[in-house]
Amino acid sequence: MTTSTKSNFMPASLVSNLQQVLALKNDGVQQQRSSNASELNKVSSSCCSNSEDAIQGKECVKPVVLVTNGEGIESPGLTFLVQALALDDRLDVYVCAPQLDRSVAGHSVTVRETISVSSSQINGATAFEVSGTPADCVSLALSGALFAWSKPALVVSGINRGSSSGNNTFYSGAVAGAREALICGVSSLCISLNWKKDVSCESDMKDAVGVSLSLIYAAVKSIQEGVFPKSCLLNIEIPSSPLTNKGFKVTRQSLWRSSLSWKAVSTNKRPSAPHFMSNQQSLGIQLAQLSRDASAAGAARRLNSQKQNVEIESVGAARKSNSEKTVKCFRLEFLEEEQENVDEDLDIRALEDGFVAITPISISPPTIGSEIQASVSNWIAGALAKNPLAFH
């Protein structure tokens, strides 16, 4: 298995940890599991490195890993990952994930509304399902209002079905969960499987877990050593055939995104409330709409009764009444699209070529090159010169 790294992306010590745990041998999955177990032993020993504490029998503080995702707490990717992490008791595993699928929620958060939190059952982990978004889940988990610990060592968002490469990161609720952790000062990973419609199956997700464990253990170990990058999250994309991957490659974020397709749907049946809304939320919206309609109708009646003999001319007079207005419904779909002529060091190309693509994503303001800054300055100067009254 080969590896490809660029030293300007991640610290050399972290790269070394990744290389150690990702160097798969030719004898397949069993060797990988042995590597995972060996790396977890390193994690465990590092948390009890103080020999005096070990002699006195003091309890070691186990690293806390918080798991969330974008697809909902019952998704196979999260379930398989949590169960695998919980098999060894040297990590404390907690889950705070959306109640339902919020995979395309972006970095939206819930304000001016109440979200509900319920305990959930995942073997080996303390788990809660939240009626909000992935960003809500991580923000709540790190707030101190839900869990007793101060903060986890690592937040893992995944394993999610479908690529979050390129500009898809802006739509991805899974990436938002990891990004929210980074905003709160906690190291994080977002892990996705490049799921192919009508090709991928549930066993591929289980295989992706095997690849992910090595990365997670390497990250925890590096965090404890103080060498994990603090200025970025790592967006990890696993190829469609996880066990035959060509190695890992540190990549740059591309401009690729899934094609968006808006399709008209029948208006015979009004579209229902979004599936992520609770029954109470949906009912509340309906009642609010009824209230607004009633208020508008009442206002119209009062206006007509007060001005029966006044003729009113309005640009809106030609508009149809509410009962006659045309309603059109559309549905958005994301379409898979093959990429051509994309640089090899970009995330989507490495992923399609069979590599595990690891892309650092920073929340720091990007450095704008001097040429771009000069170009923008020249444009503003020219625009002001041509039409100074347009700017203040």
Side-chain angles (χ1 to χ4, degrees), residues 1 22 24 28-30 32-33 36 67-85 95 97-98 100-105 122 134 156-169 171-178 189-216 234-249 251 253-254 256-261 275 331-340 342 346-359:
M1 181 175 183
L22 289 174
L24 300 182
V29 180
Q30 187 58 43
Q32 181 178 356
R33 290 175 178 171
N36 291 341
V67 182
T68 190
N69 74 344
E71 298 175 347
I73 198 164
E74 295 183 352
S75 66
L78 181 142
T79 302
F80 295 152
L81 177 60
V82 171
Q83 289 176 345
L85 288 172
V95 178
L100 298 173
D101 189 348
R102 303 300 300 271
S103 55
V104 198
I122 300 180
V156 180
S157 183
I159 297 173
N160 301 284
R161 190 173 68 173
S163 173
S164 295
S165 298
N167 283 339
N168 278 3
T169 60
Y171 299 102
S172 171
V175 173
L189 310 175
C190 179
I191 307 176
S192 303
L193 170 66
N194 191 25
W195 186 274
K196 296 292 188 182
K197 186 178 180 181
D198 301 326
V199 175
S200 299
C201 58
E202 194 169 280
S203 63
D204 296 323
M205 191 66 77
K206 292 182 179 180
D207 295 337
V209 169
V211 176
S212 302
L213 291 178
S214 296
L215 290 159
I216 294 170
L234 300 184
N235 188 31
I236 299 164
E237 301 276 329
I238 299 174
S240 301
S241 300
L243 296 184
T244 59
N245 71 80
K246 297 179 181 178
F248 77 96
K249 179 181 285 189
T251 56
Q253 184 176 351
S254 65
W256 173 82
R257 74 165 187 177
S258 300
S259 296
L260 306 184
S261 175
H275 64 273
R331 179 180 293 275
L332 174 63
E333 295 181 358
F334 284 79
L335 304 179
E336 295 182 2
E337 191 174 85
E338 294 295 330
Q339 295 302 300
E340 298 180 358
V342 178
L346 294 179
D347 51 11
I348 188 63
R349 171 50 57 204
L351 182 63
E352 293 293 345
D353 285 347
F355 288 92
V356 177
I358 304 177
T359 308

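All heavy atoms count here, side chains included; hydrogens, waters and symmetry mates do not.
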Can Glu352 and Lys196 be said to form a salt bridge (Lys or Arg N to Asp or Glu O under 4.0 Å), step by step?
CA-CA 11 Å; Glu352 293 293 345; Lys196 296 292 188 182; 3.2 Å; yes
Starting at [atom1] of [X], measure out to [atom2] of [Y] and round the result to the nearest 0.5 Å.
| X | Y | atom1 | atom2 | result |
| --- | --- | --- | --- | --- |
| Leu213 | Leu81 | CG | CG | 6.5 Å |
| Phe80 | Met205 | CZ | CE | 8.0 Å |
| Glu74 | Leu100 | CD | CG | 8.0 Å |

Just to verify, what does Ser103 make a side-chain hydrogen bond (donor to acceptor under 3.5 Å, both in side chains) with, not counting sequence neighbours?
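Scan of Ser103 (side-chain hydrogen bond (donor to acceptor under 3.5 Å, both in side chains), adjacent residues dropped) gives Asp101.
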Partner residues of Ser200 under the side-chain hydrogen bond (donor to acceptor under 3.5 Å, both in side chains) criterion, sequence neighbours left out
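Partners of Ser200 under the side-chain hydrogen bond (donor to acceptor under 3.5 Å, both in side chains) test: none.
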Check whether any side-chain heavy atom of [X] lies under 4.5 Å from a side-chain heavy atom of [Y], and answer yes or no.
| X | Y | value |
| --- | --- | --- |
| Pro239 | Asn194 | no |
| Asn235 | Ile358 | no |
| Ile238 | Ser192 | no |
| Ile73 | Thr68 | no |
| Leu193 | Asp207 | no |

Please confirm whether the backbone N or O of [Y] pairs with a side-chain atom of [X], one donor and one acceptor, at under 3.5 Å?
| X | Y | value |
| --- | --- | --- |
| Asp353 | Phe355 | no |
| Glu237 | Ser164 | yes |
| Ser172 | Val175 | yes |

Going by distance alone, is a donor N or O of one side chain under 3.5 Å from an acceptor N or O of the other, for [X] and [Y]?
| X | Y | result |
| --- | --- | --- |
| Asp347 | Ser254 | yes |
| Gln253 | Thr169 | yes |
| Ser75 | Asn69 | yes |

Give the minimum heavy-atom separation between [X] and [Y], together with the two atoms involved.
| X | Y | answer |
| --- | --- | --- |
| Pro134 | Gly70 | CG-CA, 3.9 Å |
| Val211 | Pro242 | CG2-O, 3.9 Å |
| Leu351 | Ala357 | N-CB, 4.4 Å |

Just to verify, which of Asn160, Val356, Leu234, Ile159 counts as forming a side-chain contact (heavy atoms from CB on, under 4.5 Å) with Ile191?
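The passing option is Ile159.
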Taking it one step at a time, do Ile122 and Leu78 satisfy side-chain contact (heavy atoms from CB on, under 4.5 Å)?
CA-CA 10 Å; Ile122 300 180; Leu78 181 142; 3.6 Å; yes
Working for side-chain contact (heavy atoms from CB on, under 4.5 Å), residues Ile348 and Thr251:
CA-CA 9 Å; Ile348 188 63; Thr251 56; over 6 Å; no
